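Naming convention: chains lettered A, B, ... in sequence-line order (proteins, then strands); numbering from 1 in each chain. From a predicted model like this one, the values you see are computed outputs, not experimental measurements.
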Number of protein chains: 2
Amino acid sequence: MAAEAPAPRAQYDVHRLLAVAVQVFIERGYDGTSMEDLARATGITKSSIYHHVESKEQLLRLALDRALGALFAVTEEVGFTAGPAIDRLRYVLGREVEVLCAELPYVTLLLRVRGNTEIERWALERRREFDRFVRAIVVEAAADGDIRADLSPALVERLAFGMINSITEWYRPGRVDVDDLKTTVVAIIGTGLGGAR
Amino acid sequence: MAAEAPAPRAQYDVHRLLAVAVQVFIERGYDGTSMEDLARATGITKSSIYHHVESKEQLLRLALDRALGALFAVTEEVGFTAGPAIDRLRYVLGREVEVLCAELPYVTLLLRVRGNTEIERWALERRREFDRFVRAIVVEAAADGDIRADLSPALVERLAFGMINSITEWYRPGRVDVDDLKTTVVAIIGTGLGGAR
DNA sequence: GTGCGCCGACCGTCCGTTCGGTCGGCCGCC
DNA sequence: GGCGGCCGACCGAACGGACGGTCGGCGCAC
């Protein structure tokens with residue numbers, strides 16, 4: 001084994017560090033991930049991580065900010081705010097699939113948050129706020145007669161988003177076409193809610 | 001404050017201990033739950049817990065056994081094994097909703113397993129085995145022409161069970177009628193997959 | 001020289017677990 | 001009936017190791 005030049009030192013900034021951290025958080029869970037785990041994954045020491053971030057929890061906060069930012073951005077789009085409720089519902093279903101696939105690690109982490117710390121409880125509250133936006137659309141679509149009268153709007157919203165959120169458990173970029181996925185979700189739910197349309 | 005007789009000692013056996021532990025695991029996550037958390041929840045000391053179980057991990061194992069046992073029991077029922085594939089699919093969808101609601105804490109914990117330990121990896125493999133059973137039914141239903149030709153059976157299986165599994169995130173016994181829930185799920189997915197039937 | 005990124009050694013606290021012991025109930029024997 | 005022994009459930013103290021984080025210093029590029 002010939003002597004080798006020392007490996008170049010890994011170079012990190014906070015964004016690159018966050019990306020690695022989030023992957024490990026997803027794999028091992030936030031609580032199941034130690035700073036030593038992050039050190040191994042990054043190739044820099046535990047203490048070096050603290051040059052970039054103040055704490056383990058700050059990493060979580062940064063990731064959750066990113067996920068929530070992407071989700072809430074959808075609520076400001078014209079497709080979310082204008083038009084018949086059933087169209088808005090289809091729109092948000094499709095957009096959420098897209099956001100989820102585009103920000104997969106961050107949204108995945110968001111969906112797995114418990115309530116053990118203040119930051120986690122904040123994220124849970126933000127998610128509830130988002131759910132209320134969407135629930136309102138479902139209720140309106142039902143009032144418009146666009147959803148089968150035998151289905152409860154509350155149940156519908158939960159089950160529909162439950163399906164979408166479950167994508168985080170198996171979707172891997174590049175293996176499934178995002179448009180196919182989006183189309184399938186909207187097709188199943190759209191048809192299931194109101195029949196052919 | 002009058003002097004009080006000492007509180008009677010709490011009395012536990014392994015089953016009662018497990019039930020409490022699983023609730024705490026769900027609330028805080030397995031890795032986010034310390035034995036001290038369990039001691040607080042049970043009212044007995046950390047060390048007393050070790051009279052009933054060998055380790056924290058054994059608690060996890062017992063819970064996962066119970067969840068997997070209930071899930072796999074469905075695969076031996078006549079409705080799972082006999083009849084046209086599309087009927088079997090509806091059957092398993094409905095039965096899984098029932099199992100999930102009946103064994104809510106245990107299945108919830110199962111669905112949240114990471115792969116950090118041998119036991120967790122075992123549970124993940126068992127889940128994959130179950131998924132393969134169900135995938136086969138979906139594929140057969142598609143071959144029978146009972147599922148829209150534009151939907152991929154693999155996607156369908158994942159999205160359908162994603163929806164069902166998401167129930168663990170919000171279902172609470174007594175607030176939603178299990179039969180309503182089951183009917184809604186089967187209706188949305190059944191209709192979404194193949195149109196009215 | 002300066003600033004950024006990194007390092008190893010170290011810290012106090014918490015972790016899951018062990019160990020020797022206590023307590024209360026039950027049972028058998030005298 | 002009373003006593004001793006056994007049992008299961010429980011206790012407090014302590015253990016070794018892991019945890020998230022701190023600190024003083026080094027290396028490198030500009």
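Spacing between atom OH of A:Tyr50 and atom P of C:dA9 amounts to 18 Å, rounded to whole angstrom units. The distance between atom CG of B:Leu17 and atom C1' of D:dC10, rounded to the nearest whole Å, is 13 Å. Atom CD of B:Glu36 and atom C1' of D:dC19 are 16 Å apart (whole Å). Spacing between atom CD1 of A:Ile49 and atom P of D:dC19 amounts to 13 Å, rounded to whole angstrom units. Whole-Å rounding puts the A:Arg28 CZ to D:dC19 C1' distance at 13 Å. The distance from atom CD1 of A:Ile44 to atom P of C:dC6 is 5 Å, rounded to the nearest whole Å. When rounded to the nearest whole Å, the span between CD of B:Glu54 and C1' of C:dC19 equals 16 Å. Straight-line distance from the NE2 atom of A:His15 to the C1' atom of C:dG5: 16 Å, rounded to whole Å.
Among the nucleotides C:dG16, C:dC6, D:dG20, the one closest to any side-chain atom of A:His51 is C:dC6. For A:His52, the listed nucleotide lying nearest its side chain is C:dC6; candidates were C:dC6, D:dG21, C:dG16.
The two residues B:Ala70 and B:Glu103 come nearest to each other via the heavy atoms CB-CG, 3.9 Å.
Backbone-only engagement by B:Ser34 is indicated by non-hydrogen atom pairs under 4.0 Å involving sugar-phosphate atoms exclusively.
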**OP:** Evaluate ring pair (Phe, Tyr, Trp, His ring centres under 6.0 Å) for A:Phe72 paired with A:Phe130, printing each intermediate quantity in order.
**Re:** CA-CA 7 Å; A:Phe72 274 88; A:Phe130 182 80; 5.7 Å; yes
Subject >> CA sep, side-chain torsions, deciding dist, call: B:His52, B:Leu18, side chain to side chain contact (heavy atoms under 4.5 Å, CB included) >> reply: CA-CA 10 Å; B:His52 301 282; B:Leu18 180 64; over 6 Å; no
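A 4.5 Å side-chain heavy-atom check between B:Arg128 and B:Arg132 finds at least one atom pair inside the cut-off.
Checked by atom type, the side-chain pair B:Ser34/B:Asp37 shows a donor-acceptor distance below 3.5 Å.
Between C:dC7 and A:Thr45, a contact under 4.0 Å exists linking OP1 or OP2 to a side-chain N or O.
In terms of polar N and O atoms assigned as donor or acceptor, the side chain of A:Ser47 comes within less than 3.5 Å of the base of C:dG8 in a complementary pairing. In terms of polar N and O atoms assigned as donor or acceptor, the side chain of A:Lys46 comes within less than 3.5 Å of the base of D:dG20 in a complementary pairing.
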